[in-house]
Amino acid sequence: MCGRYVLSGTPSELSAYFGLQDCPDFLPRFNIAPQSDIPVIRQRPEIGLVGQIVRWGLVPSWAKDSSIGAKLNNARAETVADKPSFRSSFTRHRCIIPASGYFEWQAVSRNGKAFKQPWYIRPTEENAYFAMAGLLAKWVAPDGSNLITACVITTEPNGVMTPIYDRMPVILSGNDIGTWLDPVNHDRNVLIPILKSVADETMKAVPVSLSVNRAGNEGPELIQAIELSE
DNA sequence: CCAGACGTTGTT
DNA sequence: GTCTGG
DNA sequence: CCAGACGTTGTT
DNA sequence: GTCTGG
């Protein structure tokens with residue numbers, strides 16, 4: 001899955017990489033947790049690609065209160081087009097969630113004890129970004145205010161992720177990014193097939209320290225590779 | 001028909 | 001809003 | 001995702 | 001065990 005990630009670049013770097021027409025300000029983050037405000041990329045008709053800050057944790061428009069968002073950090077690619085919580089977002093409100101990399105926890109046994117080893121997964125290419133496939137939803141609070149939220153779509157693991165975990169975020173590349181973001185594209189026969197695990201060569205995984213476990217911790221040391229002891 | 005759920009993950 | 005269960 | 005709390009009453 | 005907060 002994808003429950004913690006990194007976006008360490010600046011708005012101008014992100015704009016240059018993805019060709020954004022506009023991007024709000026944001027700070028570099030090394031430990032982004034669900035319920036955080038995050039930058040996403042969407043396509044505006046007549047304008048092009050733009051950045052926008054939304055909350056991670058999808059709140060569907062029909063929700064009675066926003067608490068359901070705490071559960072909807074991810075959506076499964078296999079069912080996203082059909083589930084009531086995601087269906088309309090899949091048809092109309094797709095986005096890219098840009099990431100410098102993401103974390104995954106590997107269940108291991110060390111000295112006979114269950115233990116979770118965190119890994120950092122980043123693009124093979126330096127200074128590149130992952131374009132994670134995401135969904136958006138707008139929820140209107142009882143007081144009339146709007147809440148825009150997002151979730152990350154997950155799929156089966158590729159060869160890099162299989163030893164670590166049995167799910168991974170959908171990462172789009174090349175033409176698939178434009179196809180996914182095109183707001184007039186409502187064809188599930190086109191959209192569903194691009195939600196596959198990305199090629200092994202595009203990513204590398206390194207083990208990192210347990211510091212990342214605590215969501216309040218921040219800083220580049222969180223993505224520093226460590227030596228694994230037996 | 002109305003009522004109630006609507007999700008993923010991991011763990012048992 | 002829309003689907004499932006009763 | 002993981003970490004940490006999980007409660008009421010009354011007093012400061 | 002389950003929910004909330006980060």
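Quick note on labels: first sequence line is chain A, next is B, and so on, each numbered from 1.
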For this session: Give one of base, sugar-phosphate or nothing for A/Thr154, where a contact means two heavy atoms less than 4.0 Å apart.
Result: sugar-phosphate

Under 3.5 Å, which donor-acceptor pairs do the side chains of residues 150-157 of chain A form with other protein atoms, sequence neighbours left out?
unit_1   : atom_1 : unit_2   : atom_2 : d
A/Thr154 : OG1    : A/Arg167 : NH2    : 3.2

Exercise. Around A/Leu27, counting heavy atoms of other residues, nucleotides and ligands shown, do more than 12 lie under 6.0 Å from its CG?
Worked result: no

Exercise. What interatomic distance, in whole Å, is found between P of D/dT8 and the corresponding atom of E/dT4?
Worked result: 14 Å

Exercise. For the pair made of CG in A/Leu72 and C1' in D/dC1, what is the distance, rounded to whole Å?
Worked result: 15 Å

Seminar exercise, completed: Rounded to whole Å, the CD1-P distance (A/Ile68 to B/dG4) equals 17 Å

Seminar exercise, completed: CH2 (A/Trp119) and CE (A/Met161) are apart, to the nearest 0.5 Å, by 9.5 Å

Exercise. Among B/dT8, D/dC1, D/dA3, which nucleotide sits nearest the side chain of A/Phe86?
Worked result: B/dT8

Nucleotide N/O of nucleotides 1-6 of chain C paired with protein N/O under 3.5 Å:
unit_1 : atom_1 : unit_2  : atom_2 : d
C/dC3  : OP1    : A/Arg87 : NH1    : 2.6

Exercise. Should the pair A/Phe103 and A/Tyr120 be assigned to parallel (<30°), tilted (30 to 60°) or perpendicular (>60°) ring geometry?
Worked result: tilted

Problem set entry | A/Met132 CE to D/dC1 P, straight-line distance once rounded to whole Å | 14 Å

Exercise. A/Gln35 has an atom CD; how far is it from atom C1' of B/dG7, in whole Å?
Worked result: 13 Å

For this session: Write down the distance separating the P atoms in D/dC6 and B/dC6, rounded off to the nearest Å.
Result: 27 Å

Problem set entry | Separation of atom CZ in A/Arg167 from atom P in B/dG7, rounded to whole Å | 14 Å

Seminar exercise, completed: Rounded to whole Å, CZ of A/Arg4 lies from C1' of B/dT8 at a distance of 16 Å

For this session: Using the C1' atoms only, state how far D/dC1 lies from B/dG7, rounded to an integer number of Å.
Result: 15 Å

For this session: Could you please spell out the steps behind the side chain to side chain donor-acceptor pair (under 3.5 Å) verdict for A/Gln52 and A/Arg42?
Result: CA-CA 8 Å; A/Gln52 179 178 1; A/Arg42 62 196 306 185; 2.8 Å; yes

For this session: Report yes if a side-chain nitrogen or oxygen of A/Asn73 is closer than 4.0 Å to either non-bridging phosphate oxygen (OP1 or OP2) of B/dT8; otherwise report no.
Result: no

Exercise. Centroid-to-centroid, A/Trp105 to A/Phe115, below 6.0 Å?
Worked result: no

For this session: Quick one: label A/Asn31 by what it contacts on the DNA or RNA (base, sugar-phosphate, nothing), any heavy atom closer than 4.0 Å.
Result: nothing

Problem set entry | Candidates B/dG7, B/dT8, D/dC2 - which lies nearest the side chain of A/Thr79 | B/dT8

Exercise. B/dT11 and D/dC2: how far apart are their P atoms, nearest whole angstrom?
Worked result: 8 Å

Problem set entry | Pair assignment for B/dA5, Watson-Crick or G-U wobble, requiring both distances under 3.5 Å | C/dT2

Exercise. Can you find a side chain N or O atom of A/Arg214 that sits less than 4.0 Å from OP1 or OP2 on D/dC1?
Worked result: no

Exercise. Taking atom C1' of B/dC6 as reference, at what distance in whole Å does atom NZ of A/Lys83 sit?
Worked result: 9 Å

For this session: Side-chain contact test, heavy atoms from C-beta onward, threshold under 4.5 Å: evaluate it for A/Cys2 versus A/Asn74 and give yes or no.
Result: yes

Problem set entry | Electrostatic pair A/Arg188-A/Asp82, nearest N-O below 4.0 angstrom | yes

For this session: Please report, rounded to the nearest Å, how far the P atom of D/dC2 is from the CH2 atom of A/Trp56.
Result: 12 Å

